[in-house]
K.L.:
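What follows is a single structure, and I will ask about it in a moment.
Order of appearance sets the numbers: ligands from 1, and atoms from 1 within every ligand.
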Amino acid sequence: MTTHHRSASEWQRRGAFYQIYPRSFADADGDGIGDIAGIRARLDHIASLGVDGIWINPWYASPMRDGGYDVTDHRAIHPDLGTIDDARALFDDANQLGLRVLVDLVPNHTSDEHPWFVSALQAGPGSPEGTRYHFRRGRGSSGELPPSNWQSAFGGPAWTAVGDGEWYLHLFDASQPDLNWADPTLEQEFASIVRFWIELGASGFRVDAVQGLSKDSSYPDWTESGPAHTVEGTDVHPYRDRTANHEIVRSWRRTLGEHADGDVALIGEVVVRPWERLADYLADDEFHQVFNFDFLECPWDPGQLRSRIAAALDAATSRGALPTWVWSNHDIVRAATRFGLPMDVDPAQWLLDGDRALLDPQRGLLRARAAALLAMALPGSYFLYQGEELGLPEVHDLPLHCLLDPIFERSGRASKGRDGCRVPLPWTRCGRSFGFGPGGAWLPQPSGWGRHSVEAQHGDPSSTLELFRRSLALRSELLDHDDFEWIEFPGAIAFERREVVSITNFSPGTIELPAGDLLVASEPCTDGTLPPDVTAWLRTS
Ligand code: NOJ
């Protein structure tokens, strides 16, 4: 594989990053909600994993209707989590440990309690304040019908009425009005927000929901055909992957270029398919990297996995970039549960009403461990969502009255939503919230949660935690380059990265390991054989 090099620093291209969902990581003040002081107190855990950086989900002032992706002040920390001084101190502490910190930038929408939206409502249609959002007169004789048939990603219509026949657009929850990026003041506002966080100490940004930034200002009806999120052609879709998105991304990249030798990372959440279109966002003056949803959503199937890995590598390297490899985040059923379900079962649907007997948790964990080693061995950056290093399962039995994700109500209770992967982490075997904090936990932790804790796994060579520590250390020592060659191996996915071979057994029986010294394996390998659902790394010279 050949890559052409460009300005992006190596840590952005090939780093390993730990994703923190701050409410659920560690709680220092005992109010049951994770906070920045909790993160600072637990940085040693993250450093012990040998990662290069941290991505922190939104920690801004917010009424928390969508886990903080509903921002009321992009320059203020939510009081539950701390203060701007705490954020600065976290950047400093993390940097001391060699960890860079990426923050989340949420440019597609704000909270409906953001002062911009409040003043837009007051100023009314046609006002300068109003043009920051998408207001539109409804259909029907008195505007009583939504202006178009667009649907919210969380279910239900994407328009909410504000009276007098006027409506506003929200591609997500009704509490998240979409910003109108055709308004030129937004570019300056976000440039200033980006500068604010860089000056405070952030090393980069994960940017939310980029696919939907630009909208067709005639708001035509649209009915999805073909697989979700697939866009073919330019400006066909009225609110996904429109050409104007690229100019917006370039404006952030220009702002980044003003700072720190340009060594600030820009990583896009751009839900666009196919890769040929997604890769356009990796142009030299746009994102350094984009998240790889084809991989994240791939079932445990070697044929599909191999072709999705190959497509990602081809597309990213054709732009001089490398892919990101991610198995879990705060939006998807945890890997150890997903991989424990039969392939024809939709994990998100199963959470609500699926047959519990279909879940094989041992197999799920086995595969999640093998999957982690496979992803870590690929060229590019690797993101690990908090708790994955403990092999945490999804908490699938959260009582309905505890659910906070807006998806639950907006889907008409047809989907439980994403709370089950956001349950506060267990740090100790016992204690009121298993060491999460001195108080309780904002989402109930299951009994027995402590057996997954850091305390229970630390020092146990067979634990998932020690497997992650070992393999991430080897990754930074031996895999810090771009070389990659497939190896044909029936029943397996195998490839070579200079002197390291990674092989994952997808067949039902054991297979013979290729020649070489075993560096690490996701389960013990005896007599030179690789058991099913196991990944091994070998050194061949
Ligand atoms: C993607 C984020 O990851 C998700 O958590 C959020 O609900 C939506 N964007 C809307 O901001």
K.L.:
Using a 4.0 Å cutoff against the non-hydrogen atoms of His109, which atoms of ligand 1 qualify?
P.N.:
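Listed by number with element, the hits are 10 (C), 11 (O).
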K.L.:
Report, in ascending order of atom number, the atoms of ligand 1 lying under 4.0 Å from any heavy atom of Arg418.
P.N.:
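Per the distance check, 4 (C), 5 (O), 6 (C), 7 (O).
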K.L.:
If the plane angle is over 60° it's perpendicular, under 30° parallel, otherwise tilted; pick one for Trp427 and His45.
P.N.:
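The rings of Trp427 and His45 stand perpendicular, inter-plane angle above 60°.
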K.L.:
Mark the output for Val106 as yes if a heavy-atom distance to ligand 1 is under 4.0 Å, and as no if none is.
P.N.:
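Contact check Val106 vs ligand 1: negative.
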K.L.:
Atoms of ligand 1 less than 4.0 Å from Asp331 heavy atoms?
P.N.:
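It comes down to these atoms of ligand 1: 1 (C), 2 (C), 3 (O), 4 (C), 5 (O).
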K.L.:
Does only the side chain of Phe154 get under 4.0 Å from ligand 1, or the backbone, or both, or neither? Count heavy atoms.
P.N.:
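Answer for Phe154: side chain.
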K.L.:
In terms of side-chain geometry, is the basic nitrogen of Arg250 or Asp284 positioned less than 4.0 Å from the acidic oxygen of its partner?
P.N.:
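Between Asp284 and Arg250 there is no salt bridge, as every charged N stays at least 4.0 Å from the carboxylate O atoms.
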K.L.:
What's the shortest distance from atom 7 (O) of ligand 1 to any protein heavy atom, and which residue and atom give it?
P.N.:
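For this ligand atom, the closest protein heavy atom is Asp66 OD2, 2.7 Å.
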K.L.:
With respect to Asp241, which candidate in Gln211, Arg273, Arg277 satisfies the side-chain hydrogen bond (donor to acceptor under 3.5 Å, both in side chains) definition?
P.N.:
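The single option meeting the side-chain hydrogen bond (donor to acceptor under 3.5 Å, both in side chains) with Asp241 is Arg277.
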K.L.:
Identify whether the distance between the nearest side-chain nitrogen and carboxylate oxygen of Arg136 and Glu166 falls below 4.0 Å.
P.N.:
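Answer for the salt bridge query: no.
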K.L.:
In the protein, which heavy atom is nearest to atom 9 (N) of ligand 1, and how far is it?
P.N.:
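Ranking protein heavy atoms by distance from atom 9 (N) of ligand 1, first comes Asp208 OD1, 2.8 Å.
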K.L.:
Enter the distance from Trp300:CH2 to Leu341:CG here, rounded to the nearest 0.5 Å.
P.N.:
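Interatomic distance, Trp300 CH2 to Leu341 CG, rounded to 0.5 Å: 14.5 Å.
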K.L.:
Can you name the atoms of ligand 1, numbered from 1 with element, that are less than 4.0 Å from a heavy atom of Glu269?
P.N.:
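Per the distance check, 1 (C), 3 (O), 9 (N).
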K.L.:
Between Asp405 and Arg410, is the closest basic N to carboxylate O distance under 4.0 Å?
P.N.:
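So Arg410 does not pair with Asp405 through a salt bridge.
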K.L.:
Is the closest heavy atom of Arg206 to ligand 1 under 4.0 Å?
P.N.:
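Right, Arg206 reaches ligand 1.
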K.L.:
Does Trp350 reach the side chain of Leu359, with side-chain heavy atoms less than 4.5 Å apart?
P.N.:
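Yes - at least one pair of side-chain heavy atoms lies under 4.5 Å apart.
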